[in-house]
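All heavy atoms count here, side chains included; hydrogens, waters and symmetry mates do not.
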Amino acid sequence: MTTRIACGQFRATNNVTQNLAICQTLIQRAAALGAKALFLPEASDYISTSPSEALSLCTPATTSPFVLGLQSHARQFSLAVTVGIHTPSTTPDRVYNTSIYISPSGELTPHYYHKLHLFDISLPTVQLHESATTEPGRSLAPPFATPFGSLGMQICFDLRFPEAARALVARGAQVLAYPSAFTVPTGRAHWELLLRARAVETQCWVVAAAQGGKHNEKRVSWGGACVVDPWGTVVARCKDGGEEAGEPEVCVADIDLAMVEKVRKECPLRRRFDVYLEI
């Protein structure tokens, strides 16, 4: 039995109302394509132009107009939604980079995850220091049941840490979500490579919704939202290329959990914890 899911891509700005309208359109598109769930990118609610703006736009998920608008559309179209947002942290001048799960009935579920690994990078063309405005999470969220399988949640830069993915699989994950906003240089070099590696290592479906396009004068995201099967094959993808990837779009894939079991049976990964440390 397969379940169709949709993987979304768009270019968020500091206009939360506009971002919501785009995401609601993607929900409609996903439903029209027969999907039972839509994955939306990291920071779908907003990408700010300054640290002070990031703080001023952040609201609790339970009262966020952005989240409430997604809940309404999820309910209307009977579509589960996984989405990246900002939520208040325990530190006054920081926010959490958070993923939440909205059920097909529009319920904001208790399943959420705060990004563990923050993106601090200094390249010749890109300097970003997420830790200046973001509080890191303190734990992995346990995988949970969904209409398309047991879902483990990660976010963007977490993709570079296979230990976290392995820990989720050890707890039963069959599908891994990586909502992201990769930069152009890191996206061009590593995006698909890392997603396929995580799929092969964990023998899971990997779903990576992505920001794509120019957000403001300071920031451009790579795009390339895609779905990778447990054998490491990209089975659906959106456009990449930075500024060329700015139009909202979805790609769809049929998640077959039998493939997870088939790959794990035919190519068992027998780890030697008698030789090296167990993750």
Side-chain angles (χ1 to χ4, degrees), residues 6-33 35 37-89 93-109 112-115 128 130 133-134 155-156 177 179-182 209-223 225 238-239 242-243 245-250:
C7 184
Q9 177 169 301
F10 77 106
R11 174 186 57 85
T13 67
N14 59 353
N15 187 327
V16 177
T17 301
Q18 184 179 73
N19 297 336
L20 172 60
I22 294 171
C23 290
Q24 288 175 327
T25 298
L26 295 181
I27 288 175
Q28 294 176 46
R29 290 188 194 176
L33 291 169
L38 171 65
F39 291 73
L40 290 168
E42 174 186 28
S44 285
D45 52 348
Y46 63 85
I47 288 185
S48 64
T49 58
S50 69
S52 60
E53 185 178 59
L55 287 171
S56 69
L57 292 174
C58 184
T59 57
T62 53
T63 58
S64 163
F66 179 84
V67 175
L68 291 171
L70 292 183
Q71 288 180 255
S72 174
H73 259 55
R75 186 180 308 111
Q76 180 181 346
F77 292 93
S78 300
L79 193 79
V81 177
T82 300
V83 59
I85 61 170
H86 302 83
T87 55
S89 79
D93 60 346
R94 299 284 193 277
V95 300
Y96 282 127
N97 187 334
T98 303
S99 276
I100 60 172
Y101 178 76
I102 300 170
S103 74
S105 62
E107 175 192 4
L108 177 60
T109 72
Y112 67 91
Y113 165 72
H114 299 318
K115 186 178 183 180
L128 280 173
E130 188 177 17
T133 58
T134 305
I155 300 173
C156 200
S180 297
F182 259 55
Q211 296 275 356
K214 185 175 182 179
H215 307 285
N216 52 53
E217 293 304 315
K218 301 177 183 178
R219 189 164 176 183
V220 181
S221 290
W222 174 246
C238 296
K239 190 173 183 178
E243 291 192 37
E247 292 301 315
E249 59 177 313
V250 296

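- For the residue pair P41 and A209, the shortest heavy atom distance occurs at N-CB, 3.6 Å.
- Smallest separation of non-hydrogen atoms from R94 and L55: N-CD2, 3.9 Å.
- For residues 49-61, the side chain to side chain donor-acceptor pair (under 3.5 Å) pairs, not counting sequence neighbours, are N14-E53, T49-E53, S50-S52.
- Atom CG of L38 and atom CZ of R29 lie 11.0 Å apart (nearest 0.5 Å).
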- Just do the side-chain contact (heavy atoms from CB on, under 4.5 Å) check on D45 and L57 with the steps written out, would you? CA-CA 9 Å; D45 52 348; L57 292 174; over 6 Å; no
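- With sequence neighbours left out, the salt bridge (charged side-chain N to carboxylate O under 4.0 Å, His left out) criterion links K214 to E217.
- Interatomic distance, N97 CG to E42 CD, rounded to the nearest 0.5 Å: 4.5 Å.
- Looking only at distances, a side-chain donor or acceptor of T109 sits under 3.5 Å from a matching main-chain atom of Y101.
- The distance from atom CZ of F10 to atom CG of N19, rounded to the nearest 0.5 Å, is 5.0 Å.
- The minimum heavy-atom distance between K115 and I155, with the atom names listed, is CE-O, 3.6 Å.
- Of the inter-residue distances, the one linking S105 atom OG with L79 atom CG reads 12.0 Å to the nearest 0.5 angstrom.
- Counting heavy atoms from C-beta outward, P179 and T82 have side chains that stay 4.5 Å or more apart.
- The neighbour count for Q76 CD, taken as heavy atoms of other residues, nucleotides or ligands under 6.0 Å away, is above 12.
- Between the Q24 side chain and the G69 main chain, a donor and an acceptor come within less than 3.5 Å of each other.
- At least one donor-acceptor pair under 3.5 Å links the side chain of Q9 to the backbone N or O of A225.
- With sequence neighbours excluded, no residue forms a salt bridge (charged side-chain N to carboxylate O under 4.0 Å, His left out) with E107.
- The two residues T63 and L68 make their nearest non-hydrogen contact at O-CD1, 3.9 Å.
- A distance of 12.0 Å separates NE2 in H73 from CD1 in I102, rounded to the nearest 0.5 Å.
- Across all their heavy atoms, S44 and V83 have their closest contact at CB-CG2, 3.6 Å.
- With sequence neighbours left out, Y46 forms a ring-ring contact (aromatic ring centres under 6.0 Å, His included) with H86.
- Between atom CG of residue N15 and atom CG of residue L20 there is a gap of 10.0 Å, rounded to the nearest 0.5 Å.
- Residues forming a ring-ring contact (aromatic ring centres under 6.0 Å, His included) with H114 (at least two apart in sequence, or on another chain): Y96, Y112.
- The two residues C156 and S180 make their nearest non-hydrogen contact at CA-OG, 3.2 Å.
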- Task: For N216 and T13, run side-chain contact (heavy atoms from CB on, under 4.5 Å): C-alpha distance rounded to whole Å, both residues' side-chain angles, the deciding distance at 0.1 Å, then the answer.
- Result: CA-CA 7 Å; N216 52 53; T13 67; over 6 Å; no
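- When the ring-ring contact (aromatic ring centres under 6.0 Å, His included) test is applied to F66, no partner is found at least two apart in sequence or on another chain.
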